[in-house]
Amino acid sequence: MRFLHFLLLISPLILSACSSSVITIRTIGDSTMADYEENTTETRGWGEMFGHFVNPRKANVVDYARGGRSSKSFYEEKLWQTVLDSTRKGDYILIQFAHNDEKNNGLEGDDGRGTAPWGQYRQYLERYIDEAREKGATPIFVAPIIRRYFDSNGRITRKGQHDLSSSIEDTTKNYILVMKTVAKQKNVPYVDLTSRTLQMTESAGPKLSKQLIYVSGDNTHTRAFGAAHIAKAAMNEMRDMKLIGNVWKDCRLVVNPQIIDLGNIYTGNAVEYTFDALAVNGETTDRHIYDITTNDNVGIRFSGDTESTTHLYTDTIGGVSFIASFTPTTPGPVEKNIIVSTPGAHENITIKANVIEPAERLPMSVTFSDIASKPADEHFCHASAPTLSGLKLSADGSSVITENEEWPADIDESGSRYIELYIIPQSTTTITDISLKTDSDLCYRIAASRGKGFFPRTTLFECFTPGHSESVSAHTSMTVTPNERIVIRIYPWSRERTSKLFTIKDITIKGISYK
């Protein structure tokens, strides 16, 4: 279950509600470790899957990893402080960084992310150790997963293994060596996930590794099946090292998410959610049978299909994603169940909600014609004028550029560059649609949060590749209580280094207000 996502969807939960005998494992790192919204992207982080390999009666996993962050920016953006504020004596903190530290080719960067291996990278790793220990927590280094950079012989390059040096003898830009060195000097456990994922990816080969482990858009981020196998590899390594005691669970089948509590929803509002079914017994290239059944007026279909049914069956290499949908008609508590089976394992998915019949439904709509002014027309909702961080406006107010007037080449968001706005509904409101117009070669992520410091947050939708439609519309289902402030951020980035302006306009948020 993706715990942090549900913190945003429903009323806030208390992270410390678990029994004091239950260990808390906190994870910090980058996009390869982070949580993702299943409805919006094929990308999954291994930290999102890690909890499936932990006995929930013995340990609780909270994933703080965030896309686009380096050891430096995660610390300087106060994301680390958020972790420390929740950390208690006896906790464990898994630390994985390097991908975004490499941004300036092994040099200290001026964008707040790039670090030199033996310079700031080493210094920030040491800070995490010292400050975690000050809180009574146990830090554990997890070497970053490899990038899928194959050479002509079908082997992963040194750069793919986070060594940017010019030769094997040159160790000045070897991030893995630095992490190993700090771990030894500071007596910190070192989990070699780099070697584990190297073996996994090379065994699959150039073709199957793309089909099964990595997403279609790049060679860094992983899809659900790959993330689940990497999470299991991390668990196996820690169990072999006898780390964190006897908290591990021998999981053969991952269903993600496994429990969804939608809180209050309303009659007539269609609910649709994407789930992953991932067999993790055997090798990544093995074939698996998936048998998925449901009842209670729930329809299920594989991603890409249009017709729903109550029974899905397939024999395939890798994992599968499927969509469950239902429309509540009767007020009161509901509980829907889906059973996912593979030979030798089965898991149950539970969807809970409290269905309400409202006395009145009214349309809510807020439109920001550009990103320089507050919307002129508001229906049942207060809205702020957008503000910019790390960006500046063009003369006409419709476009943005970085403050230094040049976009670096990125494959994920920068936490220091975003457009922020907020809305405050006057009555209980379900946000159903968000649309905007952008340049077709702009990459972006749109996320929402109620929490202080924009944590926790939920990704509403995103685009990792250029060449998309300029008009973007996404459906969501997020219920906001009266006078509750919901903050929305748009994180734009470019895949190529450029000084062009990016247009973002006609941001429209629609929903239904209930009386």
Side-chain angles (χ1 to χ4, degrees), residues 1-2 5-13 37-40 255 257-275 292-301 303 305-312 322-339 348-367 378-383 423-435 448 450 458-461 473-486 488 508-515:
M1 182 179 72
R2 295 179 54 250
H5 170 64
F6 307 125
L7 285 176
L8 180 60
L9 277 181
I10 61 176
S11 58
L13 301 175
E37 171 56 57
E38 290 84 4
N39 288 8
T40 66
V255 290
Q258 195 161 2
I259 300 174
I260 292 183
D261 191 336
L262 298 171
N264 292 333
I265 60 175
Y266 296 85
T267 56
N269 281 9
V271 175
E272 188 169 280
Y273 210 92
T274 299
F275 297 88
I292 307 168
T293 58
T294 185
N295 50 30
D296 297 331
N297 298 318
V298 175
I300 52 177
R301 68 183 190 275
S303 298
D305 293 345
T306 56
E307 297 295 326
S308 293
T309 182
T310 58
H311 182 209
L312 297 173
F322 65 94
I323 298 169
S325 59
F326 70 95
T327 302
T329 58
T330 305
V334 297
E335 183 172 311
K336 308 290 185 179
N337 294 287
I338 302 169
I339 299 174
N348 187 67
I349 294 172
T350 302
I351 306 173
K352 296 181 179 181
N354 181 48
V355 182
I356 298 173
E357 178 68 52
E360 187 177 10
R361 306 171 195 256
L362 300 169
M364 184 278 292
S365 179
V366 178
T367 298
E378 305 171 33
H379 299 288
F380 313 112
C381 188
H382 297 298
I423 60 173
I424 305 176
Q426 298 175 23
S427 60
T428 299
T429 300
T430 297
I431 299 173
T432 58
D433 296 275
I434 298 179
S435 61
R450 299 181 174 97
T458 291
T459 297
L460 302 178
F461 59 101
S473 181
H475 301 292
T476 185
S477 179
M478 181 165 34
T479 299
V480 185
T481 58
N483 299 316
E484 182 178 23
R485 177 167 132 162
I486 183 93
I488 296 173
T508 300
I509 304 168
K510 293 183 178 181
I512 301 172
S513 293
Y514 304 97
K515 299 291 186 181

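If you read the sequence from its start, that first residue is 1, and numbering goes on from there. Since the structure is predicted, the reported quantities are computational estimates derived from the model, not experimental observations.
- Atoms CD1 and CD1, from I260 and I338 in turn, are 8.5 Å apart once rounded to the nearest 0.5 Å.
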Side chains of residues 329-337: which donor-acceptor partners sit under 3.5 Å, not counting sequence neighbours?
unit_1	atom_1	unit_2	atom_2	d
K336	NZ	D296	O	2.7
N337	OD1	N348	ND2	3.2
N337	OD1	T350	OG1	3.4

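- Here the CD1-CZ distance, from I486 to R450, works out to 4.5 Å after rounding to the nearest 0.5 Å.
- For F461, the ring pair (Phe, Tyr, Trp, His ring centres under 6.0 Å) criterion is met by no residue, not counting sequence neighbours.
- In terms of modelled atom types and a separation under 3.5 Å, the side chain of N39 and the main chain of T274 share a donor-acceptor contact.
- Considering every non-hydrogen atom in both P425 and E484, the closest pair reads CD-O, 3.4 Å.
- Atoms OG1 and CG, on T428 and N483 in that order, are 9.5 Å from each other to the nearest 0.5 Å.
- In this structure, CD1 on I434 lies 12.0 Å from NZ on K510, to the nearest 0.5 angstrom.
- Contact check for T310 versus N295: no side-chain heavy atoms found under the 4.5 Å cut-off.
- Residues satisfying the side-chain hydrogen bond (donor to acceptor under 3.5 Å, both in side chains) criterion with T267, sequence neighbours excluded, are E357, R361.
- Within the 4.5 Å cutoff, the side chain of S427 has heavy atoms near those of the K515 side chain.
- Scanning for ring pair (Phe, Tyr, Trp, His ring centres under 6.0 Å) contacts around F322 gives F275, with sequence neighbours left out.
- The local environment of CG in N297 is sparse, with at most 12 non-hydrogen atoms from other residues, nucleotides or ligands closer than 6.0 Å.
- A donor and an acceptor atom, one from each side chain of N269 and Y514, are located under 3.5 Å apart.
- To the nearest 0.5 Å, atoms CD1 (I431) and CE (M364) are separated by 5.5 Å.
- A donor atom on one side chain and an acceptor atom on the other are not found under 3.5 Å apart for T40 and E37.
- With sequence neighbours excluded, no residue satisfies salt bridge (Lys or Arg N to Asp or Glu O under 4.0 Å) with R485.
- When all heavy atoms of P328 and Y266 are compared, the closest pair comes out as CG-O, 3.6 Å.
- To the nearest 0.5 Å, atoms OG (S365) and CD1 (I509) are separated by 9.0 Å.
- For the side chain to side chain contact (heavy atoms under 4.5 Å, CB included) with N264, the lone residue among T479, N354, T481 that qualifies is N354.
- Within the 4.5 Å cutoff, the side chain of T429 has no heavy atoms near those of the C381 side chain.
- Checking each of T293, I300, T294 against L312 for a side chain to side chain contact (heavy atoms under 4.5 Å, CB included) leaves exactly one that passes, namely I300.
- Residues satisfying the ring pair (Phe, Tyr, Trp, His ring centres under 6.0 Å) criterion with F326, sequence neighbours excluded, are absent altogether.
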